[in-house]
Amino acid sequence: MRQRFRSAILLIFFSLFAYLYFRLLAPLHGNSPLFWPLTVGIGLMEAVIAWLPLFFWMSEDTETHAYELFLERSAHVSMGFLSQLLFLTVVRDLMIAVLAIFGRASLVNRPEVGLYLIEAAAFLGILGFIVASNGPKVRRVSLAPNSGTTGGKEPLRIVQVSDLHVGVWIGKRYVNKVVRQIEALGPIDLLIFTGDIGDGDPTRHFADMIPLGKIPARIGKFAVNGNHEGYWNVVEWNERIRELGFRLLENESVFLETPSGPISIHGVSDSGADPKKALATVRPDVFSIFLAHQPKHADSAIAAGVRLQLSGHTHAGQFLPWSLF
């Protein structure tokens, strides 16, 4: 099974390199001194990306070494650049097919156009890095109460944080900015983590998360884990989340009395998720909140009569163009 996985990964990356080589790089041979630097550079990028699933993610060593952090950062940057380059190249080739109908394919089927695409991918990568480093945006959502729940009472103020990925890129400076954004909202009743808060070796990255534990919440703090905690050491990550003062829900539920009336909070672990068990205690007379890292459990939540599901995982498609899919 593992050998088949590795063979599939190698085939995918070889096909990707072949496509970019013949569509972008080969036309530069003999026409530009940048042919060899770009060919070697893109080849190294593909190699370091392939290293992630073939070696780093499959390693049973839970400790992350310094050279692995360097390679992981390089792989992430390469992934962003090549994904943009692949998209731009596909768009260019589609334009060639359309323009060929009118005999004008030569407008975009020239060697220098490949250089323009590489420059555009690099620019978009730098722009994306700047935008991402600037921190998340606060999205405010107001929910009208269902009949028979909190109508006429003071509404609950809930803050949900998801997919923070404290790890090789997201450190204490970024976390402190998130904390300041939350504190600027004023007093909150519930603080909710819906998974992928940590991403990497917990012994190396947990110190950067400590400011998150200092955010006050009048009623309580609750969390579920995500797939990225499971990629590393989910048991240790769970303990770290608890150290921050969060009640971690693992296929279970809790009932709370609040100034707005009774509520129930139900949560599923990302690995070994058992929504049936977590949602078995949903009551129609109590406002229920369902925490699931992945939104794929929505059908189970609807069937159980859940009033509000909070999830993450999709990252809104990450960035253009992938956010369109």
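Numbers here are sequence positions counted from 1. Predicted model only: the values in this text are computed from it and were never measured.
Placement of Phe14 and Tyr21 in two distinct hydrophobic clusters is found when ILVMFWY residues are connected by side-chain heavy-atom separations under 4.5 Å, directly or transitively. Both Val254 and Phe287 sit in one connected hydrophobic cluster of ILVMFWY residues. Membership requires side-chain heavy atoms under 4.5 Å apart, directly or through other members. Clustering ILVMFWY residues whenever any of their side-chain heavy atoms sit less than 4.5 angstrom apart, transitively, puts Phe102 in a cluster other than the one holding Ile96. Follow the hydrophobic side-chain contacts under 4.5 Å out from Tyr19 and you never reach Ile12; the two are in separate clusters. At a threshold of 4.5 Å between side-chain heavy atoms, the hydrophobic network of Ile, Leu, Val, Met, Phe, Trp and Tyr places Phe22 and Leu11 in two separate groups.
No donor-acceptor pair closer than 3.5 Å links the side chain of Arg240 to the backbone N or O of Thr203. Looking only at distances, no side-chain donor or acceptor of Asn109 sits under 3.5 Å from a matching main-chain atom of Ala105. Remark: side-chain polar atoms of Ser162 are paired, donor with acceptor, to backbone N or O of Thr194 under 3.5 angstrom. Of the possible donor and acceptor atoms, none in the side chain of Asn238 sits under 3.5 Å from a partner among the backbone N and O of Glu229. Judged by distance alone, the side chain of Arg73 and the main-chain N or O of Val168 form a donor-acceptor pair under 3.5 Å.
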**Q.** Derivation and outcome, ring-ring contact (aromatic ring centres under 6.0 Å, His included), residues His165 and His315
**A.** CA-CA 11 Å; His165 290 279; His315 298 223; 5.0 Å; yes
Q: Test Ser253 against Ser264 for side chain to side chain donor-acceptor pair (under 3.5 Å), laying out the working first.
A: CA-CA 7 Å; Ser253 60; Ser264 62; over 6 Å; no
Q: Take Arg140 and Leu185 through the test side-chain contact (heavy atoms from CB on, under 4.5 Å) and record every step on the way to the result.
A: CA-CA 10 Å; Arg140 299 171 185 265; Leu185 300 175; 3.4 Å; yes
Q: Determine, stepwise, if the pair Asp199 / Ile170 fulfils side-chain contact (heavy atoms from CB on, under 4.5 Å).
A: CA-CA 9 Å; Asp199 190 353; Ile170 305 298; over 6 Å; no
Q: Begin with the C-alpha distance, continue with both residues' side-chain angles, and end with the deciding distance and a verdict on side chain to side chain donor-acceptor pair (under 3.5 Å) for Ser78 and His76.
A: CA-CA 5 Å; Ser78 300; His76 293 163; over 6 Å; no
Q | Steps toward side-chain contact (heavy atoms from CB on, under 4.5 Å) verdict (Leu191, Ile158) | A | CA-CA 6 Å; Leu191 179 61; Ile158 304 172; over 6 Å; no
Q.
Go through it in stages, so that I can follow the logic: the residues are Arg92 and Leu24, the test is side-chain contact (heavy atoms from CB on, under 4.5 Å), and I'd like the CA-CA distance, side-chain angles, deciding distance and then a yes or no.
A. CA-CA 10 Å; Arg92 194 278 300 263; Leu24 294 182; 3.8 Å; yes
Q: Carefully, step by step, assess Arg157 and Asp189 under the rule salt bridge (charged side-chain N to carboxylate O under 4.0 Å, His left out).
A: CA-CA 5 Å; Arg157 305 189 77 231; Asp189 297 302; over 6 Å; no
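Ion pairing between a basic and an acidic side chain is recognised when a charged N comes within 4.0 Å of a carboxylate O; Glu250 and Arg242 show such pairing. A salt bridge links Glu252 and Arg247; the closest N-O separation between the charged side-chain nitrogens and carboxylate oxygens is under 4.0 Å. Look at Asp285 and Arg283 and you find a salt bridge, because one of the NZ, NE, NH1 or NH2 atoms lies within 4.0 Å of a carboxylate O, short of that distance.
The shortest side-chain heavy-atom distance between His29 and Leu25 does not fall under the 4.5 Å cut-off. Within the 4.5 Å cutoff, no side-chain heavy atoms of His293 are placed close to those of Asn225. Put simply, the side chain of Val141 reaches to within 4.5 Å of the side chain of Arg139, judged on heavy atoms. Between Gln294 and Ser311 the shortest side-chain heavy-atom distance does not fall below 4.5 Å.
Considering CG of Asn176 and NZ of Lys214, their distance stands at 8.5 Å, rounded to 0.5 Å.
Ser133 is linked by a side chain to side chain contact (heavy atoms under 4.5 Å, CB included) to Phe129, counting only residues two or more places apart in sequence or in another chain.
Under the side chain to side chain contact (heavy atoms under 4.5 Å, CB included) test applied with Leu85, the options Val90, Leu16, Ile118 reduce to a single match, Ile118.
Counting non-hydrogen atoms of neighbouring residues, nucleotides and ligands closer than 6.0 angstrom, the CZ atom of Phe255 exceeds 12 such neighbours. Met79 CE: more than 12 foreign heavy atoms inside a 6.0 Å radius.
When all heavy atoms are compared, the tightest approach of His266 to Ala278 is ND1-O, 2.9 Å. The two residues Leu82 and Met45 make their nearest non-hydrogen contact at CD1-CB, 3.8 Å. Residues Leu71 and Val48 come closest through the heavy atom pair O-CG2, 3.6 Å.
No side-chain donor-acceptor contact under 3.5 Å links Asp196 and Tyr231.
Apart from Val268 itself, the hydrophobic cluster it occupies contains Leu279, Val282, Phe290, Val306, where clustering links Ile, Leu, Val, Met, Phe, Trp and Tyr at side-chain heavy-atom distances under 4.5 Å.
A centroid separation of 6.0 Å or more is found between the aromatic rings of Phe222 and Phe246.
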